[in-house]
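Below is one structure, written out as structure tokens, with a few remarks after it.
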Amino acid sequence: MNNLRFRPATEADLTALVRLRDDAARWMLARGITGQWHPGELDEDHFGRVMARGEVWLAEAAEGIAGAWELWWEDEAAWGPQPPVAGYVHRLMVDRGAAAPGTGRRLLEAAERRVAATGRTRVRLDCLAGNVRLNAYYRDAGYRVVGHKAGKPQPGAAPKSFTLLEKELRHAEGDTIAATA
């Protein structure tokens, strides 16, 4: 699984995205992580809508899909109106049954490269406020807490409270995400 390839998701990937999201939700629930994701919350229409206004990326290995994430170019529900300086990562998902340790971090780094390739200088994400372990994961990845959002609407679920995290990006010449990165 060290040779991940990244590519934008297509309509042909919608079923796989729903499976990946549902499997990630089941993994969380099996480990006592409640209040975040539940199987069946998101369907193919959700991912299709995200593809229409943002991006959904897949990480593939020889064994198949190892993970995915959504990349939005605005997120007013969490961050309010903002100048176009950031990309917003959502639903970072890893196939826990097939992905090697460290795959999640590699997906996050690929998302950061994609945002940097557009000339934007920050990556932002929100994390369920009560998920201490995941909040620590993002801080360990270089994100800093910049705020909190109570009552953020959720697709297919009740509003939830989130920690808002941000990371400044360093731009390097030629630092882009390619479909085969």
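Excluded from the calculations below are hydrogen atoms, water molecules and symmetry mates; all remaining heavy atoms, backbone and side chain alike, are included. Quick note: residue numbers are just sequence positions, from 1.
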**Message:** Which heavy atom of P39 sits nearest to which heavy atom of A25, and what is that distance?
**Reply:** N-CB, 3.6 Å
**Request:** Using the ring of W37 (Phe, Tyr or Trp, six-membered ring only), decide whether R21 places NZ or CZ under 6.0 Å from its centre and within 45 degrees of its axis.
**Result:** yes
**Prompt:** How far apart are the closest heavy atoms of L107 and A68, and which atoms are they?
**Reply:** CD2-N, 3.4 Å
**Asked** CG of L128 to CG of L134: how many Å apart, nearest 0.5 Å?
**Response** 8.5 Å
**Asked** With the threshold set at 4.0 Å, does a side-chain nitrogen-carboxylate oxygen contact exist between R144 and E168?
**Response** no
**Asked** G104 and Y137: which non-hydrogen atoms are nearest, and at how many Å?
**Response** C-OH, 3.1 Å
**Prompt:** Taking atom CE of M93 and atom CG of D95, what is their separation to the nearest 0.5 Å?
**Reply:** 11.0 Å
**Message:** Measuring only between side-chain heavy atoms, which start at C-beta, is L20 closer than 4.5 Å to F47?
**Reply:** no
Which pairs of donor and acceptor atoms, one on a side chain in residues 157-165, lie under 3.5 Å apart (sequence neighbours left out)?
from : atom 1 : to   : atom 2 : distance (Å)
K160 : NZ     : G35  : O      : 3.1
K160 : NZ     : Q36  : O      : 2.5
T163 : OG1    : N135 : OD1    : 3.2

**Prompt:** When you look at R114 and E109, which way does the side chain to side chain contact (heavy atoms under 4.5 Å, CB included) test go after all the steps?
**Reply:** CA-CA 9 Å; R114 172 66 183 128; E109 291 166 353; over 6 Å; no
**Request:** With rounding to the nearest 0.5 Å, note down the distance linking CZ in R106 to OG1 in T103.
**Result:** 6.5 Å
**Request:** Might you confirm whether atom CD of E55 has over 12 heavy atoms from other residues, nucleotides or ligands at distances under 6.0 Å?
**Result:** yes
**Asked** Is there a side-chain contact between L125 and Y143 (heavy atoms, below 4.5 Å)?
**Response** yes
**Message:** Return the CG to NE2 distance between L42 and H38, rounded to the nearest 0.5 Å.
**Reply:** 11.5 Å
**Fill in**
For A62 and R5, the nearest pair of non-hydrogen atoms, with its separation, is N-NH1, 4.2 Å
**Request:** For residues D75 and Q82, determine if any side-chain heavy atom of one lies less than 4.5 Å from a side-chain heavy atom of the other.
**Result:** no
**Side-chain heavy-atom pair L4, E60 within 4.5 angstrom cut-off** = no
**Asked** If we only count heavy atoms from C-beta on, is the R96 to M28 side-chain gap below 4.5 Å?
**Response** no
**Asked** Same cluster or not: are V85 and V89 linked, directly or through other Ile, Leu, Val, Met, Phe, Trp or Tyr residues, by side-chain heavy atoms under 4.5 angstrom apart?
**Response** no
**Request:** May I ask whether V94 and L29 are part of the same hydrophobic cluster, defined by side-chain heavy atoms of I, L, V, M, F, W, Y residues being less than 4.5 angstrom apart, directly or through others?
**Result:** no
**Message:** Any heavy-atom pair between the side chains of W69 and L71 that's under 4.5 Å?
**Reply:** yes
**Asked** Which pair of non-hydrogen atoms, one from A59 and one from F6, has the smallest distance, and what is that distance?
**Response** CB-CE2, 3.6 Å
**Request:** Please list, chain by chain and in numerical order, all residues satisfying side-chain contact (heavy atoms from CB on, under 4.5 Å) with A86, sequence neighbours excluded.
**Result:** Y88, R122, R124
**Prompt:** Between P8 and D13, what is the shortest heavy-atom contact and its length?
**Reply:** O-OD2, 4.4 Å
**Step-by-step side chain to side chain contact (heavy atoms under 4.5 Å, CB included) determination, L169 to V115** = CA-CA 9 Å; L169 298 175; V115 171; 3.7 Å; yes
**Message:** Walk me through whether M51 and L14 qualify under side chain to side chain contact (heavy atoms under 4.5 Å, CB included).
**Reply:** CA-CA 10 Å; M51 285 182 215; L14 293 173; 3.4 Å; yes
**Prompt:** Counting only heavy atoms not in E76, do more than 12 fall under 6.0 Å of its CD?
**Reply:** yes
**Request:** State, yes or no, whether a side-chain contact exists between L108 and Y138 at a heavy-atom distance under 4.5 Å.
**Result:** yes
**Prompt:** Rounded to the nearest 0.5 Å, what separation is found between the CG atom of L17 and the CG atom of D43?
**Reply:** 11.5 Å
**Request:** Taking the side chain as every heavy atom from C-beta outward, state whether D140 and R105 have any atom pair closer than 4.5 Å.
**Result:** yes
**Prompt:** Is a side-chain donor or acceptor of R31 paired with a backbone partner of W27 at a separation under 3.5 angstrom?
**Reply:** yes
**Prompt:** Are R19 and D22 within salt-bridge range, i.e. N to O under 4.0 Å?
**Reply:** no
**Request:** Verify the neighbour count for atom CZ of R133: are there more than 12 heavy atoms of other residues, nucleotides or ligands below 6.0 Å?
**Result:** no
**Prompt:** What pairs meet the ring-ring contact (aromatic ring centres under 6.0 Å, His included) rule with one or both residues in residues 90-123, with sequence neighbours excluded?
**Reply:** W72-H90
**Asked** Stepwise, does the side chain to side chain contact (heavy atoms under 4.5 Å, CB included) test hold for D126 with K149?
**Response** CA-CA 9 Å; D126 56 55; K149 174 66 177 180; over 6 Å; no
